[in-house]
Undergrad: 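What follows is a single structure, and I will ask about it in a moment.
These values consider heavy atoms only, across backbone and side chains, with no hydrogens, waters or symmetry-generated copies.
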Amino acid sequence: MAATEPAAGDDSLYVLTACLLTPARFPSVLGDDYPAACAALGLAPYEEGYGLLFGQDGLGARWTVVIDDVSLVAVAIASWDCGMAYDLSPDESSVVAGLPGWPLPVATKAPGVPDPHDPEPEEGDPAPLSPPAGDVWGPAQRRLGADEVALHWNEWRDRIAPGPTQERPAAAPAAAAPGPYTGVRRALEELRGYLKEPPPAGRVRSGFAGEGARTIRADGPGWSLVARTDDMAFVLLDDLPREVLPVTRGPQLPALLEGLDAIAVRPT
């Protein structure tokens, strides 16, 4: 559920929805980690993070408004998730930037204004933000794919039949093994490197998974990982479009996941 009341300011912004941009929770389309996500929007990696408001002005143009009142946005998102209305109207003093376009798809539109469109550019304006294309495969699509696996973990987990434990892609045909093995092996090796030299904030994130387990989301150059500390992992690679490679629980994976959980950023 999204708010449709105008935010504070001289020019009304009809806020449609919002998200957080913090070390523990940021739109993965923007980058592998929090500093990269901030850089994609021209923002400094402020430790407390930001809130991103997606809305339309009175002419219907799409705008992403960045505010530093993270708590306000967190409360709004929690209210919407519970099916409750919430008027997200930040104080002008909390506005950090106004960026044309939306980096994420927004399914709703403001009432009484023209359909969403990019604002007319003025000299010196940055190019409008836009969601990643759905008909190509690259880092943004790979990270979004990993987010979907994390969101629908049980569905993906049910596709993997129980079998011998092995720290490699499960049920991969022998003829297809070298490609996936190389990418998965590299991802796991780089993850072990994170335990020796901590990566940038947000590169490894940990979320509640129930029954004492945690969901691990990690990214690196060319790969993304989703795992549960009490179970297995899935790896997605830039080199293998739309492939989700299962890594069954072997002798080394549990310790790796526990170590990653120990260094991961967690939502507060």
Side-chain angles (χ1 to χ4, degrees), residues 21 23-41 45 103-104 129-153 156-157 159-160 166-207 215-229 231-250 252-253 255-257 259-261 263-265:
L21 176 60
R25 189 175 174 184
F26 57 88
S28 62
V29 296
L30 298 176
D32 283 335
D33 49 57
Y34 175 64
C38 289
L41 300 180
L104 306 173
L129 302 169
S130 61
D135 57 351
V136 298
W137 182 260
Q141 291 81 4
R142 176 250 302 163
R143 292 189 295 265
L144 283 173
D147 289 346
E148 283 297 306
V149 173
L151 184 62
H152 303 287
W153 173 269
W156 285 94
R157 185 63 181 86
R159 299 184 186 190
I160 308 301
Q166 48 191 347
E167 199 165 306
R168 62 180 178 83
Y181 281 171
T182 300
V184 171
R185 219 179 270 123
R186 177 172 60 85
L188 294 176
E189 198 58 38
E190 291 183 12
L191 283 165
R192 293 186 182 98
Y194 288 174
L195 303 182
K196 300 175 182 178
E197 185 175 344
R203 187 69 67 91
V204 182
R205 287 161 280 159
S206 174
T215 295
I216 303 296
R217 264 290 282 113
D219 297 289
W223 56 266
S224 292
L225 174 135
V226 185
R228 276 184 52 139
T229 53
D231 199 357
M232 57 180 294
F234 293 95
V235 173
L236 289 82
L237 304 171
D238 283 354
D239 294 339
L240 292 174
R242 298 177 175 82
E243 293 289 329
V244 179
L245 305 172
V247 181
T248 53
R249 196 170 177 85
Q252 299 181 39
L253 187 63
L256 173 61
L257 297 181
L260 292 171
D261 183 49
I263 67 167
V265 179

Undergrad: Specify the closest pair of heavy atoms between Pro27 and Leu21, including all atoms of both residues, with the distance to one decimal.
TA: CD-CD1, 4.1 Å

Undergrad: How far apart are the closest heavy atoms of Ala146 and Leu236, and which atoms are they?
TA: N-CD2, 3.8 Å

Undergrad: Please list, chain by chain and in numerical order, all residues satisfying side-chain hydrogen bond (donor to acceptor under 3.5 Å, both in side chains) with Arg203, sequence neighbours excluded.
TA: Asp33, Tyr194

Undergrad: I'd like to check Leu260 versus Thr229 (side-chain heavy atoms, cut-off strictly below 4.5 Å). Are they in contact?
TA: no

Undergrad: At their closest point, which heavy atom of Ala36 faces which heavy atom of Gly31, and how far apart are they?
TA: CB-CA, 4.1 Å

Undergrad: Locate the shortest heavy-atom distance separating Trp137 from Leu237; write the atom from each residue and the value.
TA: NE1-O, 3.1 Å

Undergrad: Got a sec, which residues hit side-chain contact (heavy atoms from CB on, under 4.5 Å) with Arg228, two or more places apart in sequence or on another chain?
TA: Trp153, Ala209, Ala213, Thr215, Asp230, Asp231

Undergrad: Report the residues that fulfil side-chain hydrogen bond (donor to acceptor under 3.5 Å, both in side chains) with Ser206, sequence neighbours left out, ordered by chain and then residue number.
TA: Arg214, Asp261

Undergrad: With side chains defined as the heavy atoms from C-beta onward, is the minimum distance between Glu190 and Pro221 less than 4.5 Å?
TA: yes

Undergrad: Can you tell me if Arg159 uses its side chain to pair, donor with acceptor, with the backbone of Trp156 under 3.5 Å?
TA: no

Undergrad: Any side-chain heavy atom of Val184 within less than 4.5 Å of one from Leu188?
TA: yes

Undergrad: Using 4.0 Å as the upper bound for N to carboxylate O, is an ion pair formed by Arg185 and Glu189?
TA: no

Undergrad: Decide yes or no for Val244 and Val226: does some side-chain heavy atom of the first lie under 4.5 Å from some side-chain heavy atom of the second?
TA: no

Undergrad: Could you pull out the closest heavy-atom pair between Ala218 and Leu191, with the gap in Å?
TA: CB-CD2, 3.6 Å

Undergrad: Nearest 0.5 Å, what's the CG-OG distance between Asp238 and Ser224?
TA: 7.5 Å

Undergrad: Excluding sequence neighbours, so at least two apart, what forms side-chain hydrogen bond (donor to acceptor under 3.5 Å, both in side chains) with Arg143?
TA: Asp32

Undergrad: Whether Arg205 engages the ring of Phe26 as a cation-pi pair (distance to the six-membered ring centre under 6.0 angstrom, angle to the ring normal within 45°) should be assessed.
TA: yes

Undergrad: For the pair Arg142 (side chain) and Trp223 (backbone), establish whether a donor and an acceptor sit closer than 3.5 Å, ignoring hydrogens and angles.
TA: yes

Undergrad: What verdict does the side chain to side chain contact (heavy atoms under 4.5 Å, CB included) test give for Leu129 and Leu41, after you've listed the backbone C-alpha separation in whole Å, the side-chain angles of each residue and the deciding distance to 0.1 Å?
TA: CA-CA 9 Å; Leu129 302 169; Leu41 300 180; 3.8 Å; yes

Undergrad: Does Gln141 use its side chain to pair, donor to acceptor, with the backbone of Gly138 at less than 3.5 Å?
TA: yes

Undergrad: Could you tell me which non-hydrogen atom of Val29 sits nearest to which non-hydrogen atom of Pro103, and how far apart they are?
TA: CG2-O, 4.0 Å

Undergrad: Is the closest side-chain heavy-atom distance between Pro132 and Leu144 below 4.5 Å?
TA: yes

Undergrad: What pairs with Ala233 under side-chain contact (heavy atoms from CB on, under 4.5 Å), at least two apart in sequence or on another chain?
TA: Leu225, Ala227, Val247, Leu253

Undergrad: Restricting to side-chain hydrogen bond (donor to acceptor under 3.5 Å, both in side chains), what partner residues turn up for Asp239, sequence neighbours left out?
TA: none

